[in-house]
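I have placed the structure first, in the form of structure tokens, so that the comments after it can refer back to it.
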Amino acid sequence: MDIYKIVRKTIRELQPYSSARSEYSDSGSILLDANENSFGSVIEGEYHRYPDPMQKKLKEQIAQLKNISADCIFLGNGSDEAIDLLIRVFCEPGRDKVMIFPPTYGMYQVCAGINNVTVIPVNLKKNFQISSEQVKKSIDSSTKIIFICSPNNPTGNLLAVEDIQTLLSDRQRIIVVDEAYIDFAETRSLLELLPDYNNLVILQTFSKSWGLAGIRLGMALADQDIIGLMNKIKYPYNINLLTQEKALQALQNYHHQKILVKKILKQREWLVSALSKFEIVEHIFPSRANFILVRFKDARLVFRHLWENGVVVRDRSHAIHCENCLRITVGKPGENMNLINLLHKLHR
Ligand SMILES: *Cc1c(COP(=O)(O)O)cnc(C)c1O
């Protein structure tokens, strides 16, 4: 499809800001162009220069790991930045719409709301899969982006690839597949579909399986035209130097990510098995992520009991199809044991 046909006119015609470091970055030169502090920093370390606005080194490493071209990678201050930029590239405020599939991640709705973009919610079916009939009824040419979260937060399941491909095949709008939890899913990423669909955007993040929520680094992986548009409107130095350095270190430690994922999957299994023995547990939804959605007989009671004893979980009772459900992040062995022991006390 011609991506530029659905880009906002303002963005298509925008002359982007050109930063000093994007025009010249040779560290061998005498750099007197960016009004940096030429003497250094007030703390130890080389922090007086602006960071690489396009994060070239980091993207080259990620490109190798993901086996894609560096031109197909956007890096943001968390995936949340990518969500916001995509809406601002494609959705004309007050006119265009985005579609979401509740119960799902809250940021799609919030970012749309901030940009005065209408959200069309099409509830997932009771099995937490997309209802193609409902989509057909609710979609129109002003629906510019569809946000799909797989594995889905808070339900933990993967969405059917066939349903996602049906939406992609329309080639009328952008399909964003948020794969924040893909490394826990023991399945293939939809990255392999990128060459076939230039309307596909995959979101991934360093916040979950890499254990780097604190450095704020998310990725959008897509056709280079879409990446170019996101780069055009991002803040010039959106990824700071410390984050770029830490992420490069993390990529050198790729094997450790695998170890962390293995530990979490083992604990997830243990938690499911322990939870399944409780009478107060009505249902444990199968999880492909690092959390478990659990339906209790009385979620409020459980939540309060845990809260009062210093264990905080997420109450999702008010989300559609999630009555009496708590979302529990998989913890370390001692933390999970603690949770189970507290539930035993409630049981008596
Ligand atoms: C945690 C999470 C993210 C990650 O957001 P960051 O801004 O990268 O930390 C993205 N999408 C979903 C669905 C999540 O649950």
Side-chain angles (χ1 to χ4, degrees), residues 1-8 11-12 14 16 22 25 51-90 108 144-150 161 164-165 167-183 185 187-210 212 216-239 243-244 247-248 250-251 254 257:
M1 72 179 274
D2 180 1
I3 292 296
Y4 294 97
K5 257 185 20 203
I6 61 165
V7 174
R8 287 170 65 200
I11 303 300
R12 207 169 42 228
L14 179 82
S22 66
S25 63
D52 175 3
M54 296 306 280
Q55 311 98 24
K56 269 180 67 182
K57 252 195 226 159
L58 187 48
K59 281 179 184 170
E60 275 163 21
Q61 294 295 310
I62 295 171
Q64 267 191 28
L65 179 69
K66 305 277 174 195
N67 197 21
I68 55 172
S69 156
D71 299 336
C72 297
I73 304 172
F74 167 85
L75 296 179
N77 187 344
S79 332
D80 294 346
E81 181 182 2
I83 295 167
D84 178 60
L85 290 184
L86 284 164
I87 291 174
R88 288 201 274 152
V89 166
F90 292 105
Y108 316 132
K144 293 293 187 68
I145 306 179
I146 301 183
F147 286 101
I148 301 167
C149 190
S150 179
V161 179
I164 297 174
Q165 269 187 294
L167 296 173
L168 281 165
S169 302
D170 238 12
R171 299 182 196 271
Q172 302 291 314
R173 56 188 61 80
I174 304 299
I175 310 296
V176 178
V177 180
D178 188 341
E179 294 190 334
Y181 300 99
I182 194 70
D183 297 327
T187 186
R188 297 232 289 274
S189 158
L190 289 195
L191 263 181
E192 58 193 52
L193 294 183
L194 278 185
D196 299 332
Y197 298 100
N198 71 343
N199 57 335
L200 170 62
V201 180
I202 310 251
L203 301 182
Q204 294 185 357
T205 180
F206 281 81
S207 296
K208 309 286 158 63
S209 65
W210 292 89
L212 289 170
R216 308 305 301 132
L217 188 64
M219 306 171 252
L221 312 166
D223 180 88
Q224 58 186 44
D225 289 346
I226 296 181
I227 299 302
L229 288 157
M230 296 174 81
N231 284 332
K232 191 175 177 185
I233 69 167
K234 78 182 184 70
Y235 287 154
Y237 305 110
N238 62 326
I239 309 296
T243 296
Q244 293 192 43
L248 276 167
L251 288 159
Y254 180 57
Q257 187 241 32

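In this chain, numbering begins with 1 at the start of the sequence shown.
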Indicate yes or no for a side-chain donor-acceptor contact from Gln244 to the backbone of Asp52 under 3.5 Å, with no hydrogens or angles considered.
-> yes

For the pair Phe147 and Tyr108, name the ring-plane relationship: parallel under 30°, tilted 30 to 60°, perpendicular over 60°.
-> parallel

Under 3.5 Å, is there a donor-acceptor pair between the side chain of Gln172 and the main chain of Asp170?
-> yes

To the nearest 0.5 angstrom, please state how far the CD1 atom of Ile68 sits from the OG atom of Ser189.
-> 9.0 Å

Only pairs under 3.5 Å count here: list side-chain donor-acceptor contacts from residues 221-233, not counting sequence neighbours, and write none if there are none.
| unit_1 | atom_1 | unit_2 | atom_2 | d |
| --- | --- | --- | --- | --- |
| Asp223 | OD2 | Asp225 | N | 2.9 |
| Asn231 | ND2 | Ile227 | O | 3.4 |
| Lys232 | NZ | Ile11 | O | 2.7 |
| Lys232 | NZ | Arg12 | O | 2.9 |
| Lys232 | NZ | Leu14 | O | 3.2 |

Leu193 vs Gln165 side-chain heavy atoms within contact, under 4.5 Å | yes

Find out whether Val176 and Ile146 are in side-chain contact, i.e. whether some heavy atom of one side chain is under 4.5 Å from a heavy atom of the other.
-> no

Could you list the residues that satisfy side chain to side chain contact (heavy atoms under 4.5 Å, CB included) with Asp2, not counting sequence neighbours?
-> Tyr4, Lys5

Got Cys72 and Lys66 here, is their nearest side-chain heavy-atom distance under 4.5 Å?
-> no

Atom pairs and distances, side-chain donor-acceptor, residues 76-85, under 3.5 Å, sequence neighbours left out:
| unit_1 | atom_1 | unit_2 | atom_2 | d |
| --- | --- | --- | --- | --- |
| Asp80 | OD1 | Tyr105 | OH | 3.0 |
| Glu81 | OE1 | Asn77 | N | 2.5 |
| Glu81 | OE1 | Asn238 | ND2 | 3.2 |
| Glu81 | OE2 | Asn238 | ND2 | 3.3 |
| Asp84 | OD1 | Asn115 | ND2 | 3.1 |
| Asp84 | OD2 | Arg88 | NE | 3.1 |
| Asp84 | OD2 | Arg88 | NH2 | 3.0 |

Lys234: salt bridge (Lys or Arg N to Asp or Glu O under 4.0 Å) partners, not counting sequence neighbours = none

Asp183 vs Lys208 side-chain heavy atoms within contact, under 4.5 Å | no

Is there a donor-acceptor pair under 3.5 Å between the side chain of Thr243 and the backbone N or O of Ile239?
-> no

For Leu217 and Leu58, the nearest pair of non-hydrogen atoms, with its separation, is CD2-CD2, 4.1 Å

What side-chain donor-acceptor pairs closer than 3.5 Å can you find for residues 195-203, not counting sequence neighbours?
| unit_1 | atom_1 | unit_2 | atom_2 | d |
| --- | --- | --- | --- | --- |
| Asn198 | OD1 | Met1 | N | 3.4 |
| Asn198 | ND2 | Met1 | O | 2.8 |
| Asn199 | ND2 | Leu168 | O | 3.1 |
| Asn199 | ND2 | Arg173 | O | 3.1 |

How far does CD of Gln61 sit from CD1 of Ile73, to the nearest 0.5 angstrom?
-> 10.5 Å

Go through the structure and list residues passing ring pair (Phe, Tyr, Trp, His ring centres under 6.0 Å) with Tyr235, not counting sequence neighbours.
-> none

Residue pair Ile148 / Asp178, side-chain heavy-atom distance below 4.5 Å = no

Does the salt bridge (charged side-chain N to carboxylate O under 4.0 Å, His left out) test come out yes or no for Arg188 and Glu192, once each step is laid out?
-> CA-CA 8 Å; Arg188 297 232 289 274; Glu192 58 193 52; 2.7 Å; yes

Looking at Pro53 and Pro236, what are the two nearest heavy atoms and their distance?
-> CB-O, 3.3 Å

